[in-house]
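What follows is a short report on a single structure.
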Amino acid sequence: MRIELSGSLVHVDPLAIVFTQDEDFLPEVYTALGYTHFEVICIGGGGGAGGGIDTANTGTQIRNYGGKGGGGGFHRSRGLLSTLPSPCPVAVGLAGADGADHASNPALVTDGLEGGFSSFNDNTCVASGGRGGKGADSNSDTVSSVANGGDGGLGDRSASGGGGLGGVAGIP
């Protein structure tokens, strides 16, 4: 997640703050320095890749890969620092874990997990995580693994996925 701050009457240089974990943003610290506006970008965590069949090159079957996870959503929002509460909660969505591989049994292969959503001040800016990819359900060199990739996330929502094409929310 990235927050960019700027001022109007007192010219202060723009400042970019990058959050890599959940924490609180304190707007009064920046208003005291002359900043009046904020622009925040949230990006949800990507979904994990689905597990596959890894025969360790035994020569009897091919390697079937799981589907890749969907990318996290994107949302951008702007506003006045004075409208934000203090503290202002920040959530950073983590990537979804990859699914489990197995040497030969498709029943023991798992799907990738969903990526977490990112948010700034709860609903001021929020981007969903991507869905996890599907695990391979075949151990064959002639049958499809049916291991589809996960849907991409969307901006302005917290539920994972949202469509194979992803999307971008409107800017207020």
Side-chain angles (χ1 to χ4, degrees), residues 1-51 66-101 109-135 147-172:
M1 174 182 309
R2 186 187 122 217
I3 300 173
E4 185 175 314
L5 304 171
S6 61
S8 59
L9 296 177
V10 178
H11 179 69
V12 291
D13 291 331
L15 173 66
I17 304 167
V18 177
F19 289 91
T20 58
Q21 62 186 19
D22 295 357
E23 57 186 282
D24 288 332
F25 173 74
L26 302 173
E28 67 272 11
V29 171
Y30 300 97
T31 55
L33 296 172
Y35 294 100
T36 58
H37 293 77
F38 72 90
E39 176 177 284
V40 62
I41 295 174
C42 289
I43 301 172
K68 292 298 183 185
F74 174 93
H75 188 196
R76 185 174 90 180
S77 185
R78 298 181 277 204
L80 295 171
L81 281 172
S82 62
T83 64
L84 296 174
S86 185
C88 182
V90 173
V92 177
L94 300 177
D98 290 343
D101 292 334
V109 170
T110 61
D111 295 342
L113 299 180
E114 296 178 349
F117 72 90
S118 295
S119 68
F120 177 78
N121 191 33
D122 299 320
N123 291 326
T124 298
C125 188
V126 61
S128 69
R131 289 213 174 122
K134 299 296 181 188
N148 295 325
D151 291 340
L154 282 176
D156 202 22
R157 65 182 281 177
S158 59
S160 293
L165 300 177
V168 177
I171 299 169

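Note that the structure is predicted; figures quoted are calculated from it, not measured.
Partner of Arg76 under the side chain to side chain contact (heavy atoms under 4.5 Å, CB included) criterion, out of Ile43, Ile41, Val40: Ile41 alone.
Using a 4.5 Å heavy-atom threshold, the side chains of Val126 and Cys42 count as separate. Taking the side chain as every heavy atom from C-beta outward, Asn121 and Pro89 approach each other to under 4.5 Å. Looking at heavy atoms from C-beta onward, Asp111 lies in side-chain contact with Lys134 at the 4.5 angstrom threshold. Considering only heavy atoms from C-beta on, Leu80 comes within 4.5 Å of His37 through its side chain.
The two residues His75 and Ala127 come nearest to each other via the heavy atoms N-CB, 4.1 Å.
Interatomic distance, CG of Leu81 versus CG of Leu26, reported as 11.5 Å (0.5 Å rounding). If you take OG1 on Thr124 and CZ on Arg78, they are separated by 14.5 Å, rounding to the nearest 0.5 Å. Summarising the geometry, atom SG belonging to Cys88 is positioned 8.0 Å from atom CG belonging to Asp24; distances are rounded to the nearest 0.5 Å. The structure places CD of Gln21 at 10.0 Å from CG of Leu94, a figure rounded to the nearest 0.5 Å.
Classified by interplanar angle (parallel below 30°, tilted 30° to 60°, perpendicular above 60°), the ring pair Phe120/Phe38 is tilted.
Counting only distance, with no hydrogens or angles, the side chain of Thr110 and the backbone of Gly99 share no donor-acceptor pair below 3.5 Å. Not one N or O on the side chain of Tyr30 forms a donor-acceptor pair closer than 3.5 Å with the backbone of Thr36.
Within 6.0 Å of CG in Asn123 there are 12 or fewer heavy atoms belonging to other residues, nucleotides or ligands.
Judged as a salt bridge (Lys or Arg N to Asp or Glu O under 4.0 Å), and not counting sequence neighbours, the contacts of Asp101 are Arg63.
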